[in-house]
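Quick note: numbers below take in every heavy atom, side chains included, and nothing from hydrogens, waters or symmetry partners.
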Amino acid sequence: QVQLVESGGGLVQAGGSLRLSCAASGRTIRGYGMGWFRQAPGKEREFVAAMSWNGANTYYADSVKGRFTISRDNAKNTVYLQMNSLRPEDTAVYYCACETTGVARVRASEYPYWGQGTQVTASS
């Protein structure tokens with residue numbers, strides 16, 4: 001079992017930045033693919049970013065390309081999401097997810113482990 005805990009969310013003005021962290025425990029995530037998803041009120045959960053086990057492959061949703069960056073520190077068992085130039089439409093609960101084959105995946109159904117989420121609000 002892998003436990004994931006997100007942190008770093010909060011309220012920020014449009015144009016501002018936040019850095020989310022996802023700390024894993026229970027197992028090392030060194031060989032696992034990691035992803036970030038988000039869910040706004042009344043909407044379905046959507047893909048944001050994903051990274052393969054060694055960082056060689058990364059994918060981003062079109063809506064965040066050029067503004068968000070996913071990274072990982074396997075020594076710290078932690079994944080990050082740097083979010084710049086935040087927009088009101090980025091407001092959502094952000095979730096960290098982990099899969100065990102090492103691949104960067106974009107579908108939520110392919111991730112068996114999830115964190116509890118952290119709220120990000122970008123005000124206009």
Side-chain angles (χ1 to χ4, degrees):
Q1 289 286 339
V2 178
Q3 290 80 44
L4 303 172
V5 178
E6 302 94 337
S7 61
L11 174 64
V12 64
Q13 286 191 331
S17 298
L18 284 174
R19 188 195 196 202
L20 305 183
S21 298
C22 172
S25 62
R27 291 184 187 176
T28 175
I29 61 168
R30 189 176 300 273
Y32 295 170
M34 301 297 296
W36 286 95
F37 291 77
R38 67 187 181 186
Q39 188 166 17
K43 295 187 177 181
E44 293 191 355
R45 191 169 298 190
E46 65 174 1
F47 168 75
V48 175
M51 175 174 276
S52 59
W53 71 277
N54 61 355
N57 295 302
T58 56
Y59 299 106
Y60 295 93
D62 287 344
S63 59
V64 307
K65 275 181 185 175
R67 301 188 298 123
F68 290 11
T69 303
I70 186 172
S71 62
R72 64 192 297 162
D73 185 337
N74 287 336
K76 294 184 177 179
N77 231 28
T78 301
V79 176
Y80 305 96
L81 185 68
Q82 177 66 44
M83 305 185 296
N84 298 329
S85 302
L86 281 161
R87 304 167 180 168
E89 53 265 39
D90 295 318
T91 295
V93 176
Y94 282 71
Y95 298 90
C96 173
C98 173
E99 66 85 65
T100 59
T101 69
V103 176
R105 301 187 183 277
V106 302
R107 290 188 290 187
S109 61
E110 295 181 303
Y111 287 87
Y113 301 109
W114 291 83
Q116 82 291 348
T118 185
Q119 176 70 46
V120 170
T121 303
S123 63
S124 56

Can you get from Val48 to Ile70 by hopping between Ile, Leu, Val, Met, Phe, Trp and Tyr side chains that sit under 4.5 Å apart? yes

Kindly indicate whether a cation-pi arrangement holds for Arg105 with Tyr111, taking the cut-offs as under 6.0 Å to the six-membered ring centre and within 45° of the axis. no

Taking atom CE of Met34 and atom OG of Ser71, what is their separation to the nearest 0.5 Å? 11.0 Å

Can you tell me if Asn77 uses its side chain to pair, donor with acceptor, with the backbone of Ala24 under 3.5 Å? yes

Can any side-chain N or O of Arg72 pair as donor or acceptor with the backbone N or O of Gly33 at less than 3.5 Å? no

Any idea which heavy atoms bring Ser17 and Asn84 closest together, and the distance? OG-OD1, 2.9 Å

Minimal non-hydrogen separation, Ser124 against Ala14, with atom names: CA-CB, 4.3 Å

Taking only Lys NZ, Arg NE, NH1 and NH2, and the carboxylate oxygens of Asp or Glu, determine whether Lys65 and Asp62 approach each other closer than 4.0 Å. yes

Could you report the tightest heavy-atom contact between Val120 and Leu18, atom names first, then the distance? CG1-CD1, 3.9 Å

Does the side chain of Tyr60 come within less than 4.5 Å of Thr69's, by heavy atoms? yes

Shared hydrophobic cluster, Tyr80 / Tyr113 (ILVMFWY, side-chain heavy atoms < 4.5 Å): no

May I ask whether Trp114 and Val79 are part of the same hydrophobic cluster, defined by side-chain heavy atoms of I, L, V, M, F, W, Y residues being less than 4.5 angstrom apart, directly or through others? no

Straight-line distance of Arg38 CZ to Thr91 OG1, nearest 0.5 Å: 9.0 Å

Looking at CD of Glu99 and CZ of Arg107, how far apart are the two atoms once the value is rounded to the nearest 0.5 Å? 12.0 Å

Measuring from atom OH of Tyr94 to atom OG of Ser7, what distance do you get when rounded to the nearest 0.5 angstrom? 15.0 Å

With Trp36 as partner, the option from Met51, Met83, Glu6 fulfilling side chain to side chain contact (heavy atoms under 4.5 Å, CB included) is Glu6

Does Leu4 share a hydrophobic cluster with Val106, counting links as ILVMFWY side-chain heavy atoms below 4.5 Å and allowing steps through other members? no

Indicate the atoms forming the closest heavy-atom contact of Ser52 with Ala104, along with that distance. N-CB, 3.5 Å

Given side chain to side chain contact (heavy atoms under 4.5 Å, CB included), test Phe68 with Leu86 step by step and report yes or no. CA-CA 9 Å; Phe68 290 11; Leu86 281 161; 3.8 Å; yes

Supply the atom-to-atom distance Asp90 CG to Arg67 CZ, rounded to the nearest 0.5 angstrom. 4.0 Å

Over 12 foreign heavy atoms within 6.0 Å of CD, Gln13: no

Qualifying residue for side chain to side chain contact (heavy atoms under 4.5 Å, CB included) with Leu81, from Leu20, Val64, Thr118: Leu20

For the CZ atom of Arg45 and the OG atom of Ser109, what is their distance to the nearest 0.5 Å? 11.5 Å

Is the closest side-chain heavy-atom distance between Trp53 and Tyr32 below 4.5 Å? no

